[in-house]
Amino acid sequence: QVQLVESGGGSVQAGGSLRLSCTASGYTYSTYCMGWFRQAPGKEREGVAVIDTDGRTNYADSVKGRFTVSRDNAKNTLYLQMNSLEPEDTAMYYCAADRVGWFLCRGDRVSAFPYRGQGTQVTVSS
């Protein structure tokens, strides 16, 4: 049974940083495309970042240069380092997984990946 558990959310002031983690279990983590998406109240889901099995990454334009996605296959853990946070980054952040290759490991698909966690809240105040 695939399980994804996020942690690391919280409240910060604009310009601050947070590091989200997502611990996976129940499947062969290293063979899955992993990613993060977010959803703010009243808004649609937005793909934030993805990382494929070879470590290649892709980011939403809104977070490029500020967020970094990484994975530690030995620890079955996905990370999202978020710097220079803005109030517009306030949302519930979810990690997600899908067993697809690079062509389908895309930010526009991550919110529809079949496996996702319960989310962790990020609140950025101005």
Side-chain angles (χ1 to χ4, degrees):
Q1 181 179 355
V2 175
Q3 283 194 314
L4 301 172
V5 179
E6 302 95 337
S7 62
S11 297
V12 296
Q13 290 192 325
S17 298
L18 284 173
R19 188 194 196 200
L20 305 184
S21 299
C22 171
T23 302
S25 62
Y27 68 104
T28 306
Y29 174 79
S30 62
T31 65
Y32 278 61
C33 166
M34 300 293 299
W36 295 92
F37 68 93
R38 64 188 180 186
Q39 188 165 25
K43 294 187 177 181
E44 294 188 355
R45 294 173 180 174
E46 178 189 19
V48 174
V50 291
I51 182 167
D52 78 345
T53 56
D54 291 322
R56 290 174 289 191
T57 59
N58 201 291
Y59 298 91
D61 288 342
S62 58
V63 306
K64 278 181 182 176
R66 300 188 299 122
F67 290 12
T68 302
V69 62
S70 61
R71 64 191 297 165
D72 185 334
N73 290 341
K75 295 182 179 180
N76 285 5
T77 302
L78 177 73
Y79 302 100
L80 185 68
Q81 178 66 45
M82 305 186 295
N83 298 329
S84 302
L85 282 161
E86 303 168 353
E88 294 74 22
D89 296 316
T90 295
M92 185 72 79
Y93 283 71
Y94 300 87
C95 73
D98 198 359
R99 193 175 184 185
V100 294
W102 172 244
F103 183 74
L104 294 177
C105 187
R106 306 195 312 258
D108 63 338
R109 295 188 68 254
V110 64
S111 63
F113 283 3
Y115 306 110
R116 67 189 67 168
Q118 294 299 307
T120 186
Q121 178 68 38
V122 171
T123 302
V124 185
S125 58
S126 56

Student check: side-chain heavy atoms of L4 and M34 closer than 4.5 Å
yes
Any heavy-atom pair between the side chains of R66 and D89 that's under 4.5 Å?
yes
Heavy-atom closest contact (S125 atom, P87 atom, distance)
C-CG, 4.5 Å
List the atom of G47, the atom of F37, and the distance in Å for their closest heavy-atom pair.
CA-CB, 4.0 Å
Report the C-alpha separation of L20 and M82 in whole Å, then their side-chain angles, then the decisive distance to 0.1 Å, and conclude whether the side-chain contact (heavy atoms from CB on, under 4.5 Å) test is met.
CA-CA 8 Å; L20 305 184; M82 305 186 295; 3.7 Å; yes
Given side chains that start at C-beta, do those of D98 and Y115 come closer than 4.5 Å, heavy atoms only?
no
Can you confirm whether the side chains of D72 and T77 place a donor and an acceptor under 3.5 Å from each other?
no
Non-hydrogen side-chain atoms of F67 and V48 separated by less than 4.5 Å:
yes
Shortest non-hydrogen contact from A97 toward F113:
O-CB, 3.4 Å
Side chains of R99 and C33: closer than 4.5 Å at any heavy-atom pair?
no
Centroid separation Y27 to Y32 less than 6.0 Å:
yes
Measuring only between side-chain heavy atoms, which start at C-beta, is R109 closer than 4.5 Å to L104?
yes
Could you report the tightest heavy-atom contact between N76 and N73, atom names first, then the distance?
OD1-O, 3.1 Å
Please answer whether the main-chain N or O of G9 pairs with a side-chain N or O of R19 as donor and acceptor at a distance below 3.5 Å.
no
With a 4.5 Å cut-off on side-chain heavy atoms, are L78 and I51 touching?
yes
Main-chain N/O of S25 paired to Q3 side chain as donor or acceptor, under 3.5 Å
no
Y29 side-chain N/O to K75 backbone N/O, donor-acceptor pair under 3.5 Å
no
Distance from Q121 atom CD to M92 atom CE, nearest 0.5 Å?
5.0 Å
Ring-face cation contact, Y94 with R38, 6.0 Å cut, 45° max:
no
Assess, by modelled atom type and distance only, whether the side chains of E46 and S62 contain a donor and an acceptor separated by less than 3.5 Å.
yes
Any idea which heavy atoms bring W102 and R56 closest together, and the distance?
CB-NH2, 3.4 Å
Under 3.5 Å, side chain of Q81 to main-chain N/O of T68, donor-acceptor pair present?
no
Cluster check L80, V63: I/L/V/M/F/W/Y, side chain < 4.5 angstrom
yes
Given the options V122, T90, L18, T123, V12 meets side-chain contact (heavy atoms from CB on, under 4.5 Å) only with L18
Which heavy atom of S126 sits nearest to which heavy atom of A14, and what is that distance?
CA-CB, 4.3 Å
Below 4.5 Å, heavy atoms only, C-beta onward: do W36 and C22 meet side chain to side chain?
yes
